[in-house]
Number of protein chains: 2
Amino acid sequence: MADSSGPPSGENLLFLTDDQLRKGIEAMFFAYRGFTADPDRILSEKGYGRAHHRAVHFINRSPGTTVNNLLSILGVTKQSLNRVLRSLIEDGLVESRIGKQDKRERHLFLTEAGEALERALSDAQRDRMRGAFRQAGPDAVSGFRQVLEAMMDAETRRHYKRLKEGGT
Amino acid sequence: MADSSGPPSGENLLFLTDDQLRKGIEAMFFAYRGFTADPDRILSEKGYGRAHHRAVHFINRSPGTTVNNLLSILGVTKQSLNRVLRSLIEDGLVESRIGKQDKRERHLFLTEAGEALERALSDAQRDRMRGAFRQAGPDAVSGFRQVLEAMMDAETRRHYKRLKEGGT
DNA sequence: CTTGGAATGTCAACAAGGCTGACATAATAT
DNA sequence: ATATTATGTCAGCCTTGTTGACATTCCAAG
């Protein structure tokens with residue numbers, strides 16, 4: 001159970017004690033609350049929720065993405081996603097275009113209003129992230145990303161890395 | 001909007017570009033899913049949810065804590081928490097003892113069954129965290145924690161630090 | 001001793017956002 | 001021709017959050 005079973009075998013493995021792990025767990029819990037707090041405020045003003053934020057974020061990230069693709073990134077059922085997409089389309093934030101090659105597919109795009117909402121949400125979230133990054137410094141940020149990446153499911157990590165290539 | 005407005009003023013501030021921030025945002029989203037995946041599986045087998053996990057975690061962390069204290073840590077309404085606590089008490093996982101000094105207060109403790117569930121949940125979650133920590137290494141873990149701490153709300157960070165002191 | 005307020009519990013109602021299952025439609029693939 | 005895929009939709013259920021109202025118990029101040 002604990003890591004107190006064996007000797008540290010040469011390396012310093014104190015960062016793997018149950019206590020260190022518990023701190024990491026609590027840090028994740030508390031930090032995620034901060035991470036979502038600012039967008040949540042904006043969203044609730046407009047009658048949306050976190051699910052709308054996610055949809056808008058990934059449509060903005062990959063304009064023209066299909067519903068199926070979005071489903072596999074978000075990891076929810078099509079019924080859940082559809083409820084969210086329907087309201088976004090009705091409110092004129094998202095446009096759904098029938099595919100040219102495969103007419104079964106719908107390609108999703110943000111309208112100008114959708115882009116405005118996305119910008120408001122990501123500005124708020126980036127401000128928080130920027131403050132944390134600046135405070136912690138570049139080396140800490142690198143470690144932060146390394147740990148988070150290692151915490152993902154293998155399949156999720158594929159999505160993350162595919163998206164990551166877009167930048168840099 | 002972007003950090004491309006001014007020169008990096010001597011330091012290397014490339015880690016604060018919008019693109020780096022976006023990657024951090026997506027890493028948080030994807031990693032949090034992995035972070036909760038293992039406990040979620042155990043919980044759903046037993047008919048519980050994430051809210052039960054949180055309650056059990058923090059009662060284990062601070063045995064004898066009051067309902068009010070738990071409320072301020074979890075950041076939910078008493079009605080939400082009460083629903084969760086009631087089911088845990090009914091199922092014999094949590095014991096609620098009337099306070100000795102102040103008999104209005106209820107002090108919460110895990111029963112043996114409650115401790116067993118807590119152990120199952122935290123073992124699963126620690127395994128994931130340990131794997132990520134080991135893969136990333138001690139310096140990365142330090143950075144991970146620095147960034148997460150800086151991302152919390154000020155009030156939340158107080159709770160986090162108070163809890164943190166318990167260990168070390 | 002009375003009264004105000006704090007801590008807690010509980011009831012009702014509601015909403016978001018997950019889920020499953022079933023079914024419909026259109027278009028592509030075999 | 002038939003099977004499969006992509007999508008949408010309806011109905012219903014669950015968890016977990018919310019608000020508002022009200023009861024109880026008890027400490028503490030007047």
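Throughout, protein chains are lettered first and strands after them, A, B, ... in sequence-line order, and every chain is numbered starting at 1.
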Using 30° and 60° as the class boundaries, would you call the ring planes of [X] and [Y] parallel, tilted or perpendicular?
X	Y	answer
Phe35(B)	Tyr32(B)	tilted
Phe30(B)	Phe58(A)	tilted
His57(B)	His53(B)	perpendicular

Nucleotide nearest [X] when distance is taken to its side chain, options [options]:
X	options	result
Thr77(B)	dC19(C), dT19(D), dT4(D)	dT19(D)
Val67(A)	dG9(C), dG8(D), dG18(C)	dG8(D)
Gln79(B)	dA12(C), dT5(D), dT9(D)	dA12(C)
Val76(B)	dT8(C), dG17(D), dT10(C)	dG17(D)
Lys78(B)	dT8(C), dT7(D), dT28(C)	dT8(C)
Asn82(A)	dA6(D), dT10(C), dT9(D)	dT9(D)
Ser80(B)	dC10(D), dC27(D), dG17(D)	dG17(D)

### Query
Between the base of dA6(C) and the side chain of Arg104(B), is there any donor-acceptor pair under 3.5 Å?
yes
### Task
Would you check if the side chain of Thr111(B) reaches a backbone N or O of Gly92(B) as a donor-acceptor pair within less than 3.5 Å?
yes
What integer distance in Å separates [X]:[atom1] from [N]:[atom2]?
X	N	atom1	atom2	answer
Gln101(A)	dA29(C)	CD	P	11 Å
Arg106(A)	dT9(D)	CZ	P	9 Å
Lys100(A)	dA27(C)	NZ	P	17 Å
Leu88(A)	dG17(C)	CG	P	10 Å
Leu108(B)	dG9(C)	CG	C1'	13 Å
Asp102(B)	dC27(D)	CG	P	6 Å
Glu90(B)	dG9(C)	CD	P	13 Å
Lys103(B)	dT25(D)	NZ	C1'	11 Å

#### Entry: Lys NZ or Arg CZ of Arg97(B) over Phe109(B) ring: under 6.0 Å, within 45°
yes
State plainly whether the residues [X] and [Y] are in salt-bridge range, i.e. N to O under 4.0 Å.
X	Y	result
Asp153(A)	Arg157(A)	no
Arg22(A)	Glu26(A)	yes
Asp91(A)	Lys46(A)	no

### Query
For Thr66(A) and dA6(D), is the shortest distance between a side-chain N/O and OP1 or OP2 below 4.0 Å?
no
### Message
dT7(D), OP1 or OP2 - any side-chain N/O from Asn68(A) closer than 4.0 Å?
### Response
yes
#### Entry: DNA chain D-proximal residues of residues 32-60 of chain A, any heavy atom under 4.0 Å
none
## Note on the structure
Nearest-nucleotide check on DNA chain C, Leu81(A) vs Leu71(B); residue mapping nearer the 5' end is Leu71(B)
### Query
What does Arg83(A) touch in the nucleic acid at a heavy-atom separation under 4.0 angstrom: a base, only the sugar-phosphate, or nothing?
base
